[in-house]
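Structure, as structure tokens:
Being a predicted model, the structure only gives us computed values, none of them experimental.
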Amino acid sequence: MAEEVWVGTWRPHRPRGPIMALYSSPGPKYLIPPTTGFVKHTPTKLRAPAYSFRGAPMLLAENCSPGPRYSVNPKILRTGKDLGPAYSILGRYRTKTTLTPGPGDYFPEKSTKYVFDSAPSHSISARTKTFRVDSTPGPAAYMLPMVMGPHTVGKVSQPSFSIKGRSKLGSFSDDLHKTPGPAAYQQTDVQVTKFKAPQYTMAARVVPPGDKTLKPGPGAHSPEKVTVTKPCAPIVTFGIKHSDYMTPLVVDVE
């Protein structure tokens with residue numbers, strides 16, 4: 001009997017059914033649209049008109065017409081109501097009782113001034129309440145304009161003259177020691193009115209351009225690891241070069 005091969009804790013075996021990893025195509029998940037029928041018909045083929053058969057209508061549980069359950073009044077004709085004159089007895093209407101004035105409520109003697117000619121009569125009324133709190137200005141609140149001088153209002157004024165005080169500048173009381181000396185004036189630059197001479201400035205030292213990034217030193221290189229220009233022994237690496245889903249080749253050993 002052949003010895004079973006184990007890979008770690010997993011024993012290789014054949015899959016129970018096809019899996020998607022064994023196929024390179026998308027598989028049966030894509031379906032070609034049918035060429036028969038009307039629903040989901042392929043758009044690349046001609047489609048003939050389709051007809052459907054409708055079922056029999058359902059029987060109504062109740063009739064739609066009102067039927068004889070409505071009793072029509074026999075006195076109602078197609079031209080209207082056919083009735084003779086009829087009378088009904090109603091109750092007495094309720095009247096609202098209002099209080100009317102009597103003969104003693106009238107004063108005909110006071111109507112003489114409205115009926116006959118009468119002399120004018122005047123009455124003195126009391127002071128109103130709003131006048132008591134009214135804050136109107138008094139006579140002392142008004143100021144009459146001036147009638148003398150050049151600032152009169154509504155009057156013609158004559159020309160007026162004023163006598164000004166004596167000026168201290170140039171008088172006998174002028175203090176001459178307060179005049180500015182030669183040092184109080186600033187010297188005018190000669191180059192403003194004459195030809196300007198060339199001027200030179202001394203600038204700072206110019207830094208030569210260069211790359212200031214950090215460069216690796218001799219100890220950062222490993223020339224013994226270079227195998228491109230020198231012969232090198234074959235190097236073997238261990239890795240998985242097959243699919244995990246493929247069945248390995250098992251040879252029976254007798």
Side-chain angles (χ1 to χ4, degrees), residues 1-91 206-254:
M1 185 176 181
E3 184 181 359
E4 296 182 352
V5 181
W6 287 79
V7 181
T9 59
W10 177 77
R11 182 177 59 184
H13 61 280
R14 293 184 179 276
R16 298 179 180 177
I19 58 179
M20 296 302 299
L22 299 179
Y23 299 96
S24 59
S25 62
K29 66 178 181 179
Y30 295 99
L31 298 177
I32 300 175
T35 56
T36 59
F38 189 82
V39 180
K40 295 182 180 180
H41 191 276
T42 175
T44 59
K45 302 294 183 180
L46 295 178
R47 182 177 58 184
Y51 304 93
S52 59
F53 294 92
R54 188 175 180 181
M58 298 177 61
L59 296 178
L60 299 178
E62 296 180 1
N63 196 1
C64 297
S65 61
R69 61 180 177 180
Y70 294 99
S71 57
V72 183
N73 192 353
K75 297 180 180 180
I76 302 299
L77 304 180
R78 66 181 183 84
T79 57
K81 195 173 183 180
D82 185 17
L83 289 176
Y87 303 94
S88 61
I89 300 175
L90 298 178
V206 180
V207 180
D211 191 4
K212 296 182 179 180
T213 58
L214 187 61
K215 307 297 190 300
H221 302 279
S222 300
E224 66 277 359
K225 296 181 181 181
V226 178
T227 59
V228 178
T229 58
K230 295 181 180 182
C232 179
I235 301 174
V236 182
T237 58
F238 295 92
I240 299 175
K241 294 185 179 181
H242 59 275
S243 176
D244 295 339
Y245 301 97
M246 295 180 64
T247 304
L249 180 60
V250 179
V251 181
D252 296 337
V253 180
E254 294 181 0

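For L77, the CG atom is densely surrounded, since the number of other residues' heavy atoms within 6.0 Å is greater than 12.
Pairing each heavy atom of A50 with each of F38, the nearest pair is CB-CD1, 3.7 Å. Of all heavy-atom pairs spanning T35 and H41, the tightest one is O-NE2, 3.0 Å.
Pairs engaging residues 206-217 under the salt bridge (charged side-chain N to carboxylate O under 4.0 Å, His left out) rule: D211-K215 [sequence neighbours left out].
Scanning for side-chain hydrogen bond (donor to acceptor under 3.5 Å, both in side chains) contacts around T42 gives T44, with sequence neighbours left out.
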Atom pairs and distances, side-chain donor-acceptor, residues 217-226, under 3.5 Å, sequence neighbours left out:
none

